[in-house]
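One structure is given below, encoded as structure tokens.
We count residues from 1, following the sequence as given. Every number for a ligand or one of its atoms is a count from 1 in the order of the listing.
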Amino acid sequence: MKTLEIMRESKLLAISVFVTTMILASCQSGSSQISIDGVNAELSPAIMGEAMVTINIRNQGGSDVLKEVKTDIPGAKASFHVMQGERMVNMNTIEVPAKSNLELKMSGSHIMIQDMPMTVTVGSKFNVTLVFEKSGVKELPIPLQGASEMPMGHEHHM
Ligand SMILES: [Cu+2]
């Protein structure tokens with residue numbers, strides 16, 4: 001008797017948890033929650049065929065996960081990087097907290113494009129595709145900028 005009642009209660013609880021989760025999930029999904037601006041791509045001053053993409057992710061809704069990044073540059077691969085001290089290491093995903101403003105930039109997590117062909121230079125335009133777990137796919141057209149390096153060796157007066 002007792003076990004049956006407990007089972008029934010836990011079943012009810014499970015159903016109500018399930019329903020609540022469904023309601024929450026439907027509230028939190030929808031592409032309108034996430035908007036992206038401040039898109040910029042800079043050619044690496046140090047490594048050939050490398051560019052860093054920086055963006056701002058504005059999330060008005062519930063938490064999400066950036067789970068994949070792709071680029072349409074032939075032969076190139078895009079990945080998530082994070083700074084660990086002086087080094088950049090690969091990351092599989094990036095957490096996007098609820099109601100947050102997440103900046104992907106040089107000093108923190110960012111998007112790295114590697115193995116770009118020589119034909120891709122400053123002024124080239126390409127697409128980066130972001131895949132969010134809940135908010136779906138976002139396509140970003142990006143013009144490639146030159147590296148913001150210090151001007152040097154151009155002003156020799158002998
Ligand atoms: Cu990097």
> With respect to the Cu ion (ligand 1), what is the nearest N, O or S atom of His81?
Replying inline: ND1
>> I'd like to know if Leu130 and Val137 are part of one continuous hydrophobic network [Ile/Leu/Val/Met/Phe/Trp/Tyr, side-chain heavy atoms within less than 4.5 Å].
In response: no
>> Between Asp115 and Lys77 (side chain of the first, backbone of the second, donor and acceptor by atom type, cut-off under 3.5 Å), is there such a pair?
In response: no
> Closer than 2.8 Å to the Cu ion (ligand 1), do we get an N, O or S atom from Met88, backbone or side chain?
Replying inline: yes
> Is there an N/O/S atom in Met112 at a distance below 2.8 Å from the Cu ion (ligand 1)?
Replying inline: yes
> Closest heavy-atom contact between Ile113 and Met116?
Replying inline: CG2-CG, 3.6 Å
> Looking only at heavy atoms, which two atoms of Ala51 and Leu144 are closest? And how far apart?
Replying inline: CB-CD1, 3.8 Å
